[in-house]
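The block underneath contains the structure these notes are about, expressed in structure tokens.
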Amino acid sequence: MNPLRALVAVVCSVVQHGSPSIVTSNYVRSVATFCPLKRERNPVWGSKKHAARRKVQLQSAVLAMDPAVEEQLAPLRARCKEQGDLVRKLKADGATEIDIKREVLELKARKKELEDTILKLSPPDTFDRAKMNDLIKRRFFYDNSFAIYGGITGQYDFGPMGCDLIDNMMSEWHKHFVIQERMLKVNCSILTPEPVLKASGHVDKFADYMVKDVVTGECFRLDHLIKQHFEKIKSDKKTSQEEKETIERKTTLLDGMTMEEMDKIVKDYKMKSPLTGNDLTDAVEFNLMFPISIGPSGALKGFLRPETAQGIFVNFKRLLEYNQGKLPFACAQVGNAYRNEISPRTGLLRVREFMMAEIEHFCDPDDKTHPKFSQIADLQMRFYSACAQMDGESEKMMTIGEAVHGSGPPSLGTLSTPSELGALDFLLSNQSYILGHEPTQADVTVYEALKESPPSYLPHAARWYRHLDSFKASERQNFTGKIQRLEELTGGKYKGMVANETLGYYMARIYQYLLKIGISPKKLRFRQHLSNEMAHYACDCWDAECLTSYGWIECVGCADRSAYDLGQHSKASGVRLSVERPLKEPRIVDAVVAVPDKGIVGKTFKKDAKAVQEALALLSNEEAEKMDKALSEAGEYELNGFKLTRAMVPSFKREQKKVHVEDYIPSVIEPSFGVGRVLYSLLEHSFRVREDDDKRTYFSLPPIVAPVKVSVLPLSNKPEFIPFTVQLSNALTELNISSRIDDSTGSIGRRYARTDEIAIPFGVTIDFDTFNNTPHTVTLRERDSTEQVRMPIEEVAPTVRLLADGKMEWKQVTDKWPKFVAQETTK
Ligand code: AMP
């Protein structure tokens with residue numbers, strides 16, 4: 001590495017990671033983002049030297065989630081909350097400064113008591129990221145792409161270990177979701193034409209705000225920059241408690257802020273480039289998609305897909321046909337997605353090319369129950385609701401059954417079906433009020449949207465309602481009457497905090513999958529999106545977050561996206577992506593039907609005439625009226641990109657029709673996995689250092705995902721050992737078990753260490769007793785416990801097959817075969 005690059009890499013590492021910090025369980029403190037590498041001559045190339053030389057202390061966050069410890073901390077937390085509420089009340093009542101100060105001092109004392117207790121109860125649990133990254137690189141799990149040219153940030157190549165690990169994770173994923181849930185699967189094109197992503201909203205909205213250093217041109221993602229700046233202010237001893245609270249609140253609202261609001265923060269806080277101290281430009285919107293032109297003429301504009309989901313939506317009609325016109329059904333797609341992230345600096349966690357595994361579950365918007373919900377209803381999981389986030393509480397363990405259906409005192413819950421939302425709309429239209437506190441821009445937008453005519457108000461209403469749900473307990477008291485009224489309107493049923501059974505079912509299945517592949521349950525939670533984070537069309541959204549040395553990281557998103565996606569593609573393509581259901585009783589409806597002059601339409605549009613006629617036949621009453629009016633007044637009307645004139649559509653029929661079926665656009669529930677993030681979290685959660693030797697590091701991956709299942713280690717390279725090695729490796733291959741033979745001359749201890757490093761869960765040793773004694777036996781060793789048993793050589797392959805498939809526990813092996821202590825013969 002040239003000296004300049006080496007120096008820059010060190011600076012980068014310090015800027016990025018700073019001094020050791022305790023990760024709190026508060027909020028996604030996901031990513032530090034800046035790196036000065038762009039000051040080099042070629043701004044594109046990254047640094048080879050990524051490993052941060054620091055140990056990260058995780059214990060307080062993990063500890064805070066341990067139910068036994070949480071029980072001890074609960075009274076201390078309650079004391080803090082009680083005092084916090086008192087301070088809030090004094091402020092609201094306009095108490096004197098001296099009175100407030102006295103209570104704030106008491107609050108601080110109580111907080112300190114809580115923190116000291118947390119520290120006292122903390123088991124020593126430090127994680128050495130540099131050590132882990134060293135192992136990942138050395139044994140080629142993955143590395144920066146194009147590393148021999150200096151590497152490139154945000155792009156990674158996976159080596160043999162990484163590839164096998166991903167293959168095994170995804171093979172489990174396929175079994176767990178596609179097979180067990182009887183899903184369909186597709187594999188769609190990555191090169192996506194612009195109109196598709198225009199319809200999905202990506203062309204207009206898939207952007208982050210960016211600012212630049214006015215001198216060097218260094219780019220920063222604005223929300224990350226502000227978060228980092230706020231962290232710095234908060235950690236400054238001179239910052240007052242009040243200021244810290246203001247900053248905390250602003251951080252929470254950051255995700256929903258407009259560009260102008262963020263720009264104002266930059267100005268108010270006099271923010272500069274963190275690398276040079278230079279001024280920053282005003283923010284600009286930077287679309288994260290990679291533009292492409294398809295074909296040699298360059299005429300067809302498009303983008304590399306930013307997610308796999310759109311491929312499923314645009315094939316909805318074919319999939320529905322394949323499923324014999326029946327709902328619900330789910331379709332999965334696994335493949336790469338591309339996002340031109342502004343400053344990807346956190347290893348696999350934020351990259352520009354990454355594998356996604358997405359599921360779109362299509363269901364009736366008025367029936368989001370799930371037939372298998374009872375099978376998972378008792379599963380205990382860790383939830384961090386929007387309400388808890390707003391009240392400064394920590395996560396809670398509860399069953400998914402309780403989270404969906406509620407328990408104990410009635411909870412406000414989340415509305416998601418059109419009839420519930422209709423009830424809310426009725427309530428709101430009779431009570432035109434806005435929030436009881438200063439409204440944010442998001443509140444106003446949603447409130448305005450609520451006043452629009454159906455159906456667009458439905459998701460907006462859901463969002464507003466959730467917003468109501470995320471109020472602090474004290475604020476909520478102001479709404480008591482209204483909430484009761486709403487409960488009456490929705491049939492008096494109380495709901496939990498997860499919007500519906502299908503969403504809850506998927507959350508539980510995601511949880512089961514993540515545990516199965518080795519994610520630590522203590523470092524996994526579901527965090528609900530606050531209303532300012534959620535897409536405007538979503539009814540409810542929960543992220544499966546893993547605790548890593550970078551903080552809580554969103555690994556899987558799970559959202560109820562309502563009918564948004566199919567609705568958008570129906571509008572833009574003119575192909576109605578809907579489902580028919582028979583009505584119990586036929587219904588008489590008013591219809592406005594366009595009557596085209598087929599001759600003129602045919603002559604004008606030639607091969608497109610059929611599409612135009614289909615689009616005309618699909619017009620809703622509202623659209624038909626609008627078109628009729630426009631043709632009379634302006635003489636023309638654009639429908640799906642086709643310009644129509646009065647001559648083409650001379651008249652509209654107004655008639656009454658008897659209909660036997662109704663047509664609706666299905667709702668979509670979407671679990672969306674970022675495979676790289678799950679992989680990284682898994683590696684962190686399974687990284688171990690042997691107690692007796694801190695140089696011996698390994699990954700304690702579960703056998704089902706371990707890249708190689710078993711090692712074969714002949715103790716000597718004498719020719720007599722060879723037939724046994726061959727016999728064993730043939731038997732393993734016969735049962736499709738991946739194995740690795742290490743017949744090098746190193747000591748057996750060193751060879752075990754090498755196989756442990758790449759997470760091989762079992763090791764077979766062929767020793768002198770193998771060929772001296774009959775029946776021929778070998779030893780089988782388990783990586784984590786390092787225990788060994790002695791067993792007949794022909795039993796090895798079938799036993800390892802069962803262990804590797806998760807169908808047998810190691811305990812069953814030690815119960816069945818004698819423990820190995822020492823060889824009887826040594827030559
Ligand atoms: P989103 O569509 O933004 O909700 O992303 C879905 C999932 O993809 C997230 O839960 C992440 O796990 C993953 N993801 C999103 N952006 C990135 C990125 N730049 N690098 C790696 N994973 C990502």
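Hydrogens, waters and symmetry mates are skipped; everything else that's a heavy atom, side chains included, is used. When a ligand or atom number is given, it counts from 1 through the structure's own listing order. These numbers were taken from a predicted model, which means no experiment stands behind them.
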His202 and Phe303 aromatic centres sub-6.0 Å: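 Centroid distance His202-Phe303: not below 6.0 Å, so no.
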- prompt: Does CZ in Arg318 sit with more than 12 non-hydrogen atoms of other residues, nucleotides or ligands closer than 6.0 Å?
  reply: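 Open: at most 12 neighbouring heavy atoms sit under 6.0 Å from CZ of Arg318.
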field: Test: Glu218 and Lys212 ion pair at under 4.0 Å
entry: no
Presence of salt bridge, Arg527 and Glu545, under 4.0 angstrom: yes
message: Quick one, Phe206 with Arg339, criterion side-chain contact (heavy atoms from CB on, under 4.5 Å). Give me CA distance, side-chain angles, the key distance, then yes/no.
response: CA-CA 10 Å; Phe206 196 59; Arg339 299 183 184 182; 3.5 Å; yes
- prompt: So which residues, sorted by chain and number, lie with a heavy atom under 4.0 Å of ligand 1?
  reply: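 The answer is Arg339, Glu341, Leu348, Leu349, Arg350, Val351, Phe354, Met356, Glu554, Cys555, Val556, Gly557, Ser672, Gly674, Arg677, counting any residue whose heavy atom sits under 4.0 Å from ligand 1.
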message: Using only atom types and a distance under 3.5 Å, with no angle test, would you say the side chain of Thr346 pairs donor to acceptor with the backbone of Leu349?
response: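 No; judged by distance alone, with no hydrogens or angles, the pair does not exist.
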